[in-house]
Every structure is written in C-alpha cells, then in structure tokens.
S.K.: 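Next up is a structure, given as structure tokens.
We name chains A, B, ... by the order of the sequence lines, and we start the count at 1 in each one.
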Amino acid sequence: MLKKLIFTPILFTMVLVTALSTSLMVNANDEVNVYSYRQPFLVKPLFEKFTEQSGIKVNVVFAKKGMAERLAREGKHSPADILLTTDISRLIELQDKKLLQVVDSTNIFTAIPRQYRAEDNTWFALTTRVRNIYSAKRLGKIELNYEDLADEKYKGRICTRSGKHPYNVALVASMIAEHGEAKTLTWLEKVQSNLARKPQGSDRAQVQAIHQKLCDISLGNSYYFGKMLKDVNQKQWADGVYINFPNQANRGAHVNISGMAMAKYAPNAKNAKALMEFLVSKPAQSMYAETNMEYPVRVDVKPSALVASWGAFNADVLPLETIAEHRKLALKLLDKSKFDL
Amino acid sequence: MSDLLEIHQLSVKLQNKVILSDVELSLQAGDILGLVGPSGCGKTTLLNVIAGFIEPCSGQLTIGKEIKVSADNMIAPEHRNIGMIFQGYALFPHLTVEANIRFGIDKLSKQEQAKRIDPLLDLLKLGELTQRYPHELSGGQQQRVAIARALAPQPKLLLLDEPFSNIDARLRNELMIEIRQLLKHLNMTAIFVTHNKDEVFTFADKIAVMHQGNILQTGLPSAVCKQPGSWQVADFLQLGSWLPVVVQVLEQSNSLISAIGDFVLEKTPLKNDPIAEVHSDSIEIEEFIAGSNQNESLQLLIKPQFIELCKSDAPANVQVEHISITEQGYHYLLSSLSRDNCLKFDQLSFYTDVLLTIGQQIKIAIKSHDFVVFSNINP
Amino acid sequence: MAPVLVMLFGGISASTELFTHLWQTVLPDYIANTLLLGVLVVLLSLIFGVTAAAIIFHTNVIGKNSLRWLLMLPLAMPAYLVAYLYTDLFDYAGPIQRALREWFSWQSPADYWFFDIRTLPGAALILSLVLFPYVYMLARTAFEQQDQTLLKASRTLGLSAQQSFFKIALPLARPAIAVAASLVLMETLADFATVQYFSVNTLTTAIYDTWLGYGDLAAANALASVLMLFILFAVIAEQKARAGQRHQSHSPDKNHEVALLNTVQQVFACGFCWLLAIGGFILPFSLLIIMALEYSDVEQLIALLPTGKNSLEVAFYAATITSFIALVLGLYRRMCRDRWRTLPQQISGFGYAIPGTVLAMAMLATFGPLDHWINNLAEIAGMQEPGLILSGSIFGIIFAFVVRFAAIANGTIESGINQIPHSVDFAPPSLGAGLAKTLHKVHIPLLKPSILVAWLLVFVEAMKELPAVLLLRPFNFETLSTQIYQLISDEMLEQGALGAILIVLFGLLPIIFLNKNNEKKNNKNIEENT
C-alpha cells in the first residue's frame with residue numbers, strides 16, 4: 001500500500017512532465033533560440049525586424065545570473081543557439097568553458113574591427129560603451145582621470161553603484177593592467193574613503209544623487225546619459241551634470257562591450273548565423289545606436305546625433321582579453337579594500 | 001461564627017442571556033459546600049463569579065471582611081485570595097511539579113516558600129515527584145499537585161470545579177475522604193461543584209442544589225434529602241421514584257388515589273410539612289381540600305425503602321419491567337398494570353432480595369409515612 | 001531532497017584557496033552581517049508578531065475584527081517589491097526627504113539628519129514588516145488553542161493578566177513561535193534580492209560573488225551548505241532547549257476573557273497594530289495602485305493576461321504536488337513504525353533555506369545528467385531525442401518550487417495530522433477496513449482543511465518566487481514575478497505596477513480564505529462552549 005502511495009506522485013509527475021514538455025518542445029526549423037543577459041525590451045525591436053526580414057522566429061530566455069552554468073549543464077542537448085551578453089568577462093567565461101563555436105562569416109569579419117572580436121572568432125562585440133565620470137555642473141567644466149577619484153579633495157563627494165557590478169569590475173581590471181596590483185589596491189582604498197555613501201543603486205541613481213546634491217561626482221556608462229535626457233522625469237538630473245570622458249590626455253577612456261556568440265551545440269546554427277549577421281548589419285547597428293544610445297562597433301555606422309554631440313573621445317586600446325584576464329584579481333582587490341562594505 | 005462568603009441577589013448575564021438570577025448563598029468559615037445541579041444550570045458560572053472571572057451585573061458578593069464585589073466594584077481574581085482547582089487541574093505543562101506549586105508564592109523568600117511547600121508535599125505525599133513534569137503523573141497525582149498549588153498561597157476560600165470527575169471510580173471515594181480530611185485539618189472553607197450527588201454526601205458539609213440559574217435549596221445533606229423543597233431537588237438528587245396521584249376529597253378524610261391503591265390522609269399531614277408551605281410547586285393542602293385541584297395529576301415521591309412486597313397470592317397491581325443487581329439486592333423497575341389512564345407509571349424503583357422475573361405481575365404496597373407531593377409538570 | 005544532497009556534495013570539492021582569500025577579506029563582515037540581520041529580523045518579527053497576536057487575542061483593541069486579517073496581508077507582498085518601494089520612498093532622493101528639504105529649505109545632507117534606509121537595520125526593519133505575519137499567524141493560533149483554564153489558574157494564584165501572559169501563555173506558545181521564527185530565519189537568510197536593494201552584504205552576497213564573480217560553483221555550494229548548516233543548528237538548538245516539555249489538555253476551555261484596555265493603552269495597542277498593517281501592506285499597496293493608475297491602462301492589463309496565466313499555472317502545479325508529497329510524507333510518518341520515519345519529512349524541509357538561484361543550480365546539476373541519460377537511451381533505441389525534458393521545461397521550475405516550499409506544506413499538514421487522535425488510526429482496522437480505506441475514508445477527509453491551507457500557502461509563495469523561475473524557465477516563458485523583476489532591475493517599476501498588484505491580489509485570496517476558515521472554526525468553538 002505504501003509503495004503504491006509513493007509511486008502515485010511519481011507517476012503523476014511523469015505524466016505531467018510529458019504533457020508539459022511536449023507542449024513546450026522547441027523543434028521547428030525556422031527558429032533561433034537566444035539566451036540573453038540583456039533585457040528583452042532592449043533587443044526585442046531588433047528581433048522583430050529580423051523575423052520580418054527572414055521569417056525566422058526568435059525565442060528568448062532572459063537571465064542575469066547563471067546562464068553559463070545552465071548552458072554547461074545542458075551540454076550537447078542545449079536548445080540555445082545564440083548568447084547575448086553585456087560584459088566582456090561573460091563572453092570570455094563562455095569561451096574559456098568551451099561552450100562556444102567558431103563562426104566563419106565574412107559579413108561579420110568585415111563589419112567588426114579586429115579588437116572587437118575574439119581571436120578565434122568565437123565571440124563578437126556588437127556595441128561599445130564608455131565608463132564615464134559624471135560631474136556636477138556646479139563644479140564647472142573639469143578634466144578628470146580615473147586616478148583623480150582617489151584625490152583627497154573629493155572626500156565625501158563621490159557616488160557609485162556596487163563595486164562588484166561587472167562594469168566596475170572591468171574598470172578595476174583595466175586599472176590593474178595599467179598600474180599593477182598594489183597601486184590599484186591603494187587607489188581602490190582611497191576611492192572608497194572618498195565615497196559619499198555606501199555603493200548602491202544603479203548608474204542613473206548616482207546622477208540623481210548629484211542632482212540632489214548628495215555628491216558631486218559619479219561613475220556611469222555613457223548610454224545612461226542619453227536615456228536620462230530622453231526621460232521626462234530624469235532629464236533634470238542629467239541636465240545638472242557634465243559627461244566626462246576620462247584619461248583623454250593619456251591612455252583613453254575605459255570601454256566595455258556588449259556582444260554575441262554562438263553556442264557550441266547550437267541546433268539551429270544556420271539560423272543563428274543569419275541572426276548574427278543581421279545584428280552587425282548596418283540597419284541593426286543603427287538601431288543599436290539610436291534606441292540604446294550605444295556606440296556601434298561598425299565604423300561606417302555613426303552614433304546617434306545626441307551621443308555624437310557629447311564629442312569624440314579616445315578609447316583605451318587595452319585588449320578586451322586583458323581586461324577579462326584581470327577580472328578575478330580585480331574582484332579580490334575589491335574584496336580586500338572592502339569597497340562595498 | 002460569622003459568614004466567610006455572602007452572596008446577595010447576584011445576577012449574571014452573558015451575551016444577553018440570563019445565566020444566574022438573584023442568587024443567595026452564604027457559607028460559614030470552615031464549611032465545605034457541595035454545589036450540585038444538572039449541567040448548564042449555572043454552577044460553574046457561579047464559581048467563576050466568585051473567583052472573579054465573570055462580572056456580576058447586579059447584586060453583591062462578599063468574601064471575608066475585605067473583598068466586597070458588586071457590579072461597579074469589580075475586583076480582579078488575583079486580588080481575591082482565592083484558591084481554585086480546575087476540572088482538568090490546569091497544571092502548567094511547562095513547569096515541574098515543584099515549580100507549579102511554587103508558582104503562587106514565588107515572591108516570598110526561599111525559606112518562607114520551603115516552610116509552606118514542605119508540609120504540603122508531606123501531607124499530599126508528593127515528596128518524590130517534585131522534579132517531574134505534569135504529563136509524567138497519574139490522574140490522582142496530578143490532582144494532588146493541583147491541590148498543593150492552590151493551597152500554597154494560603155487562600156481564604158478554595159473553589160473546586162468537578163475535581164473528581166477525571167478520577168478512576170475505585171480511587172475516587174478514597175481520594176475524596178483523604179482530601180476532605182486535609183481540608184478539615186487546615187480548617188479550609190471550600191465550595192465544590194459537581195453533578196454527582198454521591199460526591200456531595202461524601203465530601204461536603206452542606207449542599208446547595210441549583211437549577212436554571214437559581215439556588216433552589218441549601219442545607220445539610222440529610223435535611224435536604226429528608227425534605228426536598230421542590231420537585232427539581234428531589235428529582236436531581238434521585239431521592240425516589242414518582243407515582244402519579246390525584247386527590248379525592250371526602251367528608252371524613254381525604255385520600256390520594258394511585259394506580260397501586262389509595263392512601264388515606266387521616267389528618268392533613270402536608271399542612272405541617274414546612275416544605276409544602278414554603279415552596280410554590282408543592283401543593284397547599286388547603287387548596288386541594290377546597291377541591292380546586294381535584295383530579296389534577298400530582299406526583300408523590302416514593303423512596304424505595306417505603307415500598308413493600310405483598311404476599312404472592314394477592315391480586316397484582318404492578319409488573320416487572322427491568323431487573324438489575326446492586327449491592328442492596330435486586331433492583332426492579334415496575335410499571336402499572338392499568339395503562340390507559342393518567343395514573344399510569346413505568347419506572348418505579350424497588351429493591352428487594354426476592355428474585356422476580358421480567359413480566360411477572362406482583363402486588364406492592366406503600367408503607368405509611370409523611371407523604372411528599374408535588375404538582376409536577378413533566379416527570 | 002536530491003538537489004540538496006547534490007549541493008552538499010558539490011560543496012565538498014570546493015577549493016580552499018578562494019576561501020582563504022574570502023576569509024581574510026570580506027567573509028567575516030558578511031558573516032557578521034548575516035548573523036546580525038538574522039537576529040534582528042527574527043527579533044523584530046517576534047516583537048511585531050507576538051505583540052500583535054497578544055493584542056488581538058487578549059484585549060478589546062478597537063478595530064479588532066479588521067485587524068485580525070489585515071495583519072496577515074503583508075504575507076501577500078513579495079519582499080523584493082516592498083524593499084524597492086521603501087528604498088524609493090525613504091531614499092535621499094525619495095519623495096519624503098525631498099518634501100522635508102523643501103519644507104525646511106535644507107540644501108544638502110549636511111543640514112539635517114534623516115535615517116538611512118539602506119543600512120542593515122533598515123533592511124531588517126523592512127524584512128520584518130513583510131515576514132512578521134508568519135509569527136503573528138502561528139502565535140495567534142497557538143494562543144487561541146491554549147487551554148484558558150491555565151491562565152485562570154494563574155490568576156487565582158495571584159498573578160495579574162499581564163504576568164500570566166508572560167509566565168504561562170507565552171512559554172506555552174513557544175513551539176509554535178519557534179516554528180514561525182525558523183521560517184522567518186530561513187526566508188531572511190535565503191534572501192538575496194531584498195538585501196541587495198539595501199546594499200547590505202550577507203552570506204548570500206558571498207555565494208553569488210563566488211559563483212558569478214569568481215566562477216567557482218563548488219565554493220558557492222560550500223557556502224550555501226554552511227548557510228544551511230547554520231540554520232539547522234539554530235533550529236536544533238531551539239528544539240533541544242524545550243525538550244522534555246509536552247503540552248496536553250483534556251478538554252481545553254476555549255472561553256477566554258478579554259482584557260479591557262484604558263484609553264492610553266488603547267491608543268498604544270491600536271497604533272501599534274495599525275502601524276504594522278499600514279507599514280507591511282496598506283502603504284506599499286497604495287503606492288502600487290497610485291503607480292498603476294498613473295502608468296497603466298487596459299491594454300497593459302490584457303497584455304499581462306498570458307503572463308498571469310503562466311504564473312497561475314506554475315503556482316497551481318507546484319502547490320498541488322507539494323501538498324500531495326507533504327501529505328504522503330506526513331501519513332508515512334504517522335502510519336509507519338520504523339525508526340527513520342521522520343527523516344524524509346525533515347530533510348525535505350531544508351530546501352526552504354537555500355537561496356532560489358543556488359537551488360536552481362542544484363536542480364540543473366541534478367537533472368542535467370538525468371536528461372542526458374534519457375537522451376542517450378533514446379538515441380540507442382533509435383527514437384527521436386526528446387531533448388531536455390526535465391531541466392529545460394516547466395517541470396524544472398515546478399520541481400524547484402516543490403523542493404523549496406516543502407517545509408511550508410510539511411509543517412501545515414503535520415500539525416493537521418497531529419490533531420487527529422491516535423485512536424482514529426486503530427478504529428477502522430478494527431472495523432475491517434484496510435490501510436488504504438482508512439486513509440481514504442478517515443484521514444484525508446479529516447485533513448482536508450490542513451491540505452487546503454498548505455496548498456494555498458505554497459500557491460502564494462510560488463506566485464512570489466523569483467530567482468528559480470528566472471534561471472530555469474524555458475524560452476519565451478514569463479511569469480508575473482520575472483516581468484516585475486526585469487522592470488525593477490531597470491528601475492522602471494511604474495510599468496510593472498499592474499503586474500505587482502496582480503501578484504498581491506492572488507496572494508490575498510488565500511489569506512482571506514484562511515481567515516474566513518479560521519473564524520468559522522472559532523465561532524463553532526464558541527457555540528460549543530455556551
């Protein structure tokens with residue numbers, strides 16, 4: 001009797017599983033499956049356009065955490081074709097775990113400059129974004145380097161989001177590449193002591209804090225500035241700050257990428273390649289530029305007028321792989337300096 | 001000796017229902033009062049009013065000299081210096097026996113506590129159980145702990161709510177005697193509530209019978225048994241069985257006519273019966289002599305000891321309906337042979353050593369005694 | 001249960017190098033924060049919950065009938081939502097501080113002092129506001145079921161109503177309160193989203209750091225195991241502390257007297273309860289409604305319907321399966337005599353203490369290989385490969401929910417089973433009924449209310465649960481919580497207000513039902529007693 005009791009739920013779940021999974025199986029041929037670190041509403045218009053052009057349906061699942069794990073666990077049965085990410089480290093992580101496959105496409109090669117794709121052509125950047133320093137207009141126009149954030153005169157005047165956020169970790173990694181471990185740690189400790197408040201919120205919240213006179217200087221990605229200017233409520237925040245491109249007199253501003261890659265066991269490789277080629281095409285790159293305010297990787301596609309109005313800048317030429325390489329050390333230094341505590 | 005407890009015109013309403021109305025009660029120090037009545041009669045409510053858990057809506061309640069409670073002068077239970085033993089004993093399950101007993105006196109010094117607890121532990125034979133938890137004790141042990149706990153603060157008045165109802169019948173009598181002796185030894189005044197009249201006779205000095213929110217009769221148990229004040233008292237105390245009768249008024253004498261024969265009332269016996277005069281539902285003899293109640297069905301209380309079995313050759317008047325065996329011999333329930341008039345009966349209790357069979361028809365007679373008659377409505 | 005074991009084994013292989021680093025840097029702070037947060041939240045929840053339960057049950061506080069159920073409503077609010085709303089409200093840039101600045105014409109933070117919501121005490125306060133109903137509910141039920149003669153006995157022994165409460169009612173309610181406290185503790189320790197909004201770093205932060213930052217899943221598993229052991233320790237310590245006590249009562253007297261409060265006490269009691277109800281539910285819910293009115297329209301509502309349907313579906317399956325398993329485990333424990341009969345039930349309860357994402361990872365680790373095995377089998381058999389039928393479908397999500405919420409269903413059903421007298425177990429066999437018939441005809445009908453309660457509680461929790469769905473869901477599969485989360489993480493909750501309201505409303509239904517059920521029971525008791 002008890003055996004029966006225990007077997008009933010098992011039987012029950014089995015029936016359920018088959019019922020559910022058959023209804024959800026993705027097997028059709030005119031589809032492409034995307035695992036996205038990017039939020040759906042950012043990439044949705046692009047996918048819609050792609051489907052319109054090619055007739056290939058795009059399925060998306062979005063998650064900020066654990067995508068790589070999921071892909072690894074799924075192994076050769078994974079339904080994923082394409083991965084979209086917002087940080088170089090995640091691409092490198094996928095590459096290191098051998099979860100990607102080489103994509104051979106002249107369309108893509110010609111569109112993307114050498115430094116914005118993997119040497120083995122497993123991953124490709126789609127857009128670039130600058131880690132800017134925002135400063136309150138009340139300070140007047142000032143030239144700032146990342147190194148200046150450690151200056152004692154900014155004590156209690158700097159705001160930032162969590163140091164552990166991938167954007168900040170990448171910045172710290174670039175500092176390690178430039179100055180070495182010891183100096184970067186000192187820098188981190190000094191920046192930490194200059195903070196007006198514990199790291200919190202998003203990049204936009206820091207600009208808002210400047211607007212509220214909570215602090216004078218903050219770190220933030222470039223496209224947020226454009227998005228704030230276009231938002232009715234947030235425009236007043238953005239109006240109160242200058243967007244500064246740091247280190248223009250020396251190595252240039254730190255740049256990160258958003259990118260794409262094809263999964264090693266992609267079941268719809270052909271469709272996936274088509275989607276990738278679409279994403280680096282001129283119309284798609286323009287859409288990235290216009291709607292997301294990012295810098296397109298294609299040299300022949302101009303940034304949006306608004307973004308262009310912030311002026312040209314020199315980007316740090318440090319290879320992206322180097323940044324990814326220093327990432328763990330950067331995390332350790334952030335831990336050591338107790339940046340978030 | 002002055003009264004320790006006095007209750008005067010006490011009434012209680014709960015959710016607009018009258019639970020107690022105009023209760024009168026007094027109790028002398030050192031007396032044990034047994035409060036009996038059918039369930040739902042308000043006896044537990046009365047106990048709760050005395051303890052202070054229910055507020056009276058009118059009337060007074062005086063305990064000792066200091067505690068004077070009325071509707072507008074409520075005194076909290078903790079300030080009444082009353083001990084109470086609950087039906088399920090209400091021992092604190094998270095405390096040991098010792099901590100339970102100590103509970104009411106833990107503000108006293110350690111020596112003082114020991115001085116009070118040690119004799120109680122001795123008297124109640126709890127000395128070896130002090131570190132146990134209540135659930136590890138037998139029913140009798142639990143009750144002794146409850147008593148020790150209630151007595152430790154040396155209350156003026158002890159209230160016991162159905163204290164013996166959870167005790168094994170065999171042990172009950174023994175325990176009652178034991179506890180009664182203890183209370184007498186301590187000269188404790190106590191009220192205990194029960195629905196079992198036998199407990200009252202064993203345990204109490206005085207009895208009070210309650211019915212529908214009233215105290216019908218108070219007095220010594222023997223007096224109450226002898227002269228029940230109302231049909232309800234006699235019925236609840238199961239003093240005997242009921243024999244339907246009618247009164248026949250004749251010139252020389254009056255008689256009571258029943259299914260088993262007529263009883264001549266040579267004098268007017270009921271007139272001298274104080275109860276007959278005092279209580280409204282017993283019959284004023286003058287009244288039925290006057291003939292106004294003639295032919296009305298009345299109930300005559302017949303105690304078993306007044307029934308005798310006539311010789312077997314006499315014409316039968318009753319039939320045996322049920323037989324049981326008791327320590328007093330055989331117990332029979334008898335029914336009248338005539339079935340079609342207002343005088344028929346079927347549950348007359350009768351004890352005898354003679355063995356009869358079911359359905360056997362016999363003749364019985366009632367010995368002459370002071371008749372107690374009630375104009376009862378629904379026997 | 002399997003995923004928990006997989007997690008534990010995964011933890012064993014963790015490298016010590018990373019631990020040494022963490023230990024030398026941030027881990028002590030994280031652990032201190034975790035302990036402090038746990039202690040604070042449990043303490044505050046106890047203060048809130050027990051006080052509220054005592055006020056509602058033992059006094060004549062004004063508005064008692066409304067407060068009785070209003071105080072349960074915060075359960076329907078997902079903690080991450082409340083956290084977001086409150087940080088927004090009390091932040092320097094939030095409306096309250098802005099209004100204050102305008103009012104007093106302050107210029108900068110240096111001009112005045114205002115409490116900082118993004119601190120550990122702030123996080124503890126908000127978490128307690130959302131979690132205290134567990135304590136309130138269980139404590140109130142415990143008070144209601146206590147034998148009131150015990151309190152009467154204490155009064156006749158010279159203790160005031162207040163003293164009696166502290167010396168009798170409270171210690172007797174301790175088992176129930178301890179269960180509630182352990183639920184609160186588990187929720188707190190497993191929480192990630194909420195503490196993140198408050199920028200409070202706890203052990204969960206460390207788990208995510210090691211996993212996502214350092215890419216060391218083994219170390220993350222090890223940390224999660226440490227977290228679980230920590231909870232286990234707390235629970236066992238509590239159980240040990242009250243060993244030897246057993247509570248019994250022959251025929252509990254449910255008639256209780258209500259303490260009459262004077263004006264000052266009334267103001268305090270009333271104020272306390274209403275503040276809790278407002279802080280935990282009314283205020284955040286009103287904020288959501290205001291947002292929804294401002295930003296949403298009917299079209300948005302219609303667009304939400306399929307998402308809502310997904311949420312309902314997942315929650316429905318999860319609740320049904322969890323309740324069913326809990327029922328089987330509970331009956332197994334009751335009916336079987338072997339020594340380890342309590343074990344499956346206890347172990348299955350630990351899932352509640354594991355952060356959702358970590359659990360999701362464990363799920364992948366458990367079902368991934370199984371999926372591969374099934375596919376290989378299909379390949380050998382020459383059939384079409386079924387794909388990832390376990391880890392890549394809703395099955396994964398539902399299973400994760402079942403693991404995570406087993407503790408809730410187990411507790412509820414177990415307490416229901418304990419209320420069935422043991423004599424009932426033996427009566428039907430004596431009448432010739434077999435075990436199956438006994439269970440079917442006797443136990444299950446008797447347990448119906450508990451099963452329903454368990455089902456509803458799991459249903460609400462599943463509606464709110466986020467991280468596990470986020471990671472395990474199949475393509476194009478959105479639930480209300482994932483949608484809200486995405487909007488929140490982009491600081492656009494305004495757009496998601498409608499969905500949030502739906503979650504809360506679905507959460508309200510069972511709570512209202514629970515309350516109705518409870519009241520019916522109480523009325524019955526009162527009738528029986530008069």
S.K.: Which atoms of B:Phe86 are under 4.5 Å from chain C, going by heavy atoms: the side chain, the backbone, both sets, or neither?
M.R.: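 Just its side chain gets close to chain C.
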
S.K.: Could you tell me whether the side chain of B:Phe53 reaches within less than 4.5 Å of the side chain of C:Thr149, counting heavy atoms only?
M.R.: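 Not touching, per the 4.5 Å side-chain cut-off.
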
S.K.: Can you tell which part of C:Ser154 gets under 4.5 Å to a heavy atom of chain B, answering side chain, backbone, both or neither?
M.R.: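 Both parts, backbone and side chain.
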
S.K.: Of the backbone (N, CA, C, O) and the side chain (C-beta and beyond), which part of B:Ala152 lies under 4.5 Å from a heavy atom of chain C, both, or neither?
M.R.: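 Contact with chain C involves no heavy atom of B:Ala152 at all.
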
S.K.: Heavy atoms only: give me the nearest C:Leu150-B:Leu91 pair and the separation to one decimal.
M.R.: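 Where C:Leu150 meets B:Leu91 most closely, the heavy atoms are CD2-O, 3.3 Å.
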
S.K.: Kindly give the heavy-atom pair with the smallest separation between C:Leu157 and B:Pro153, and that separation in Å.
M.R.: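 Residues C:Leu157 and B:Pro153, closest heavy atoms: CD2-CG, 3.9 Å.
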
S.K.: With the side chain counted from C-beta on, respond yes when C:Lys167 and B:Leu95 share a heavy-atom pair under 4.5 Å apart, and no when they do not.
M.R.: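 Result no, sub-4.5 Å side-chain heavy-atom pair not found.
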
S.K.: Give me the atom names and distance for the closest heavy-atom approach of B:Glu78 to C:Ala161.
M.R.: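 Shortest heavy-atom separation between B:Glu78 and C:Ala161 comes out as OE2-N, 3.9 Å.
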
S.K.: Determine whether more than 12 heavy atoms belonging to other residues, nucleotides or ligands lie under 6.0 Å from atom CD of C:Gln265.
M.R.: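 It does: C:Gln265 CD has more than 12 such atoms within range.
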
S.K.: Quick check: do C:Leu172 and B:His94 have side-chain heavy atoms less than 4.5 Å from each other?
M.R.: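 In contact.
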
S.K.: Tell me, for B:Asp161 versus chain C, whether the close heavy atoms (under 4.5 Å) come from the side chain, the backbone, both or neither.
M.R.: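 No part of B:Asp161 comes within 4.5 Å of chain C.
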
S.K.: Does NZ belonging to B:Lys68 count more than 12 external heavy atoms closer than 6.0 Å?
M.R.: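 It does: B:Lys68 NZ has more than 12 such atoms within range.
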
S.K.: Does B:Lys156 NZ have over 12 foreign heavy atoms under 6.0 Å away?
M.R.: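 Yes - once you tally the heavy atoms of other residues, nucleotides and ligands closer than 6.0 Å, there are more than 12.
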
